Q: 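Mind having a look at this structure? Questions to follow.
Indexing begins at 1, ligand by ligand and atom by atom, following the structure's order. All figures in this text were calculated on a predicted structure; none of them were measured in a lab.
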Amino acid sequence: MYLLEFGGEDDAFAACEAASAASGVSRIAPGLALADAVVPRRVRGLAYTHRASDLVGHTDADLESARTLLETAPLEREGSIAVRAVDVHGSTGVSTTETERALGQVLVDRGFSVDLDDPDHVLRAAFSRGRLEPGGTVEADAATGDLVRPLEGGDQRGEHTSVCALGWLEAASVRDFGERAPTDKPFFQPGSMDPLLARAVANVAGAHPGRTVLDPMCGTGGVLVEAGLVGADVIGTDAQEKMARGARENLAHFLEPTEPSPTGVSRGSWHVGRGDATRLPLAADSVDAVVFDAPYGRQSKIDTHRLADLVSGALAETRRVASRAVVVADRSWATEARDVGWDLEAAFERRVHRSLTRYVLVCE
Ligand SMILES: C[S@@+](CC[C@H](N)C(=O)[O-])C[C@H]1O[C@@H](n2cnc3c(N)ncnc32)[C@H](O)[C@@H]1O
């Protein structure tokens, strides 16, 4: 078993993304999940999971319980160690320095040496307490298309949890997203997707080496850059020539540098052209997955279609060319997705700020 440490506020979405690099993901406390197996090279490319560790065990969220667990657990390792403790969202009040010292002492008593600078093994000790917010699977109201959260276990506030999980660090995600802030890219336009969300939706779509991912409304190419960096071959179209040209500039910049990719995976190939997402110049079933960020009502510059027709048309075209799609938008297009034959695997609402909520639909 593995311990996953999430990075942000939205654990249900993080768990959905983590499933692209792990099997049997189940959340155990705010910010923490367990998985049956992980693919370390894919963990390195995750956006909302920071670390995966080989689970030693889990217990209650207090130092005494953690100490007892570590004293009795089988530890099939040898060499030098360092202990790194974290108190997720400061929810348990445990002292992380005291924890690191106390658990380090247990390991010394069990025959390990301490090396804080270059240890052979890092023991992660993650403490978290709080309610597990339900999320991830939401239903679309048949009449309005609004997303409605089903009740989980009869308690909408979620189960109360108190967990300390210990594990040997196995893989950490590469935190280089700041180098690709939209405003720092060679081509920038307002409305570009931030690289963390872009990476997450690319992963949810299944961007891996050997897969082809299409963004039919690619804008500045934010999603395509992230999908290409985790090894997928990417194709983009945009109705505006300016965008297609700009996306090419960004893709050439980020997918064709000479130094190796920090995730250790070869970057994918890329193609971008001007095109209409409702009439794609692609054969049926020619790509593995589609990701698109639908124009937002208030920003849309395209007047040839009403927005709803545009999104419905794009959803129908993506259904023709792919068997999986991830759609990001400022409203739920769940009804439109179902109308053209997609099943909803999951849907998420992500509050960006007071006046903007982003909806993410995962369609199969
Ligand atoms: C919200 S933006 C996409 C932003 C993009 N994800 C990024 O990171 O830059 C939506 C894009 O859809 C494009 N678009 C609108 N209607 C389109 C259509 N019918 N076919 C293709 N692209 C279209 C717009 O030109 C715009 O670039």
Side-chain angles (χ1 to χ4, degrees), residues 47 177 179-205 207 213-230 232 234-255 270-282 287 289-322 325-333 336 340 350 352-353 355-361:
F177 300 100
E179 295 167 19
R180 296 186 299 281
T183 45
D184 295 342
K185 288 183 174 165
F187 176 72
F188 166 70
Q189 286 287 298
S192 306
M193 195 186 283
D194 91 79
L196 267 175
L197 178 60
R199 173 66 64 83
V201 290
N203 283 330
V204 171
V213 173
L214 163 75
D215 182 344
M217 303 193 197
C218 69
T220 63
V223 171
L224 299 177
V225 166
E226 299 305 321
L229 286 175
V230 291
V234 298
I235 301 175
T237 59
D238 199 286
Q240 299 184 65
E241 179 55 34
K242 175 177 89 168
M243 291 294 191
R245 217 179 315 117
R248 277 189 212 110
E249 215 184 313
N250 285 342
L251 287 161
H253 181 81
F254 289 105
L255 299 185
W270 60 269
H271 298 275
V272 175
R274 184 170 175 191
D276 181 348
T278 64
R279 283 178 300 153
L280 291 168
L282 293 169
V287 301
V290 170
V291 182
F292 71 87
D293 187 13
Y296 299 168
R298 59 197 162 82
Q299 279 177 355
S300 177
K301 296 222 170 69
I302 307 297
D303 50 14
T304 45
H305 307 268
R306 278 192 318 115
L307 190 56
D309 290 345
L310 167 63
V311 175
S312 290
L315 282 164
E317 268 297 77
T318 56
R319 179 79 192 79
R320 185 180 66 78
V321 300
V326 181
V327 180
V328 183
D330 66 346
R331 69 199 72 180
S332 167
W333 294 107
E336 288 76 2
V340 299
R350 299 177 50 77
V352 180
H353 52 71
S355 57
L356 177 61
T357 298
R358 270 184 161 153
Y359 293 80
V360 180
L361 295 184

Q: I need the atoms of ligand 1 closer than 4.0 Å to a non-hydrogen atom of Met243, numbered in the order shown.
A: 27 (O)
Q: Between Ala244, Ala277, Ala329, flag the one that comes closest to atom 20 (N) of ligand 1 by a heavy atom.
A: Ala277
Q: Answer yes or no for Cys218: is there a heavy-atom contact with ligand 1 below 4.0 Å?
A: yes
Q: Which option wins on minimum heavy-atom distance to atom 25 (O) of ligand 1: Leu280, Asp238, Val201, Thr237?
A: Asp238
Q: Counting heavy atoms only, which of Gly221, Ala294, Ala239 is nearest atom 21 (C) of ligand 1?
A: Ala239
Q: If the cut-off is 4.0 Å to any non-hydrogen atom of Gly191, which atoms of ligand 1 fall inside it?
A: 4 (C)
Q: Which one of Val291, Asp293, Asp276, Leu310 satisfies the side chain to side chain contact (heavy atoms under 4.5 Å, CB included) criterion with Met217?
A: Leu310
Q: Quick check on contacts: which atoms of ligand 1 are under 4.0 angstrom from a heavy atom of Pro295?
A: 12 (O), 15 (C)
Q: Side chains of Pro182 and Pro195, heavy atoms from C-beta outward: is any pair under 4.5 Å?
A: yes
Q: Is Asp276 close to ligand 1, meaning an N/O of one under 3.5 Å from an N/O of the other?
A: yes
Q: Between Gln240 and ligand 1, does any nitrogen or oxygen pair lie at a separation below 3.5 Å?
A: yes
Q: State if Gly313 counts as touching ligand 1 under the rule of any non-hydrogen atom under 4.0 Å.
A: no
Q: With heavy-atom distances below 4.0 Å as the criterion, list the atoms of ligand 1 near Gly275.
A: 20 (N), 21 (C)
Q: For ligand 1, which atoms, with element, lie under 4.0 Å from some heavy atom of Pro216?
A: 21 (C), 22 (N)
Q: Show me which atoms of ligand 1 lie under 4.0 Å from any heavy atom of Thr220.
A: 7 (C), 8 (O), 9 (O)
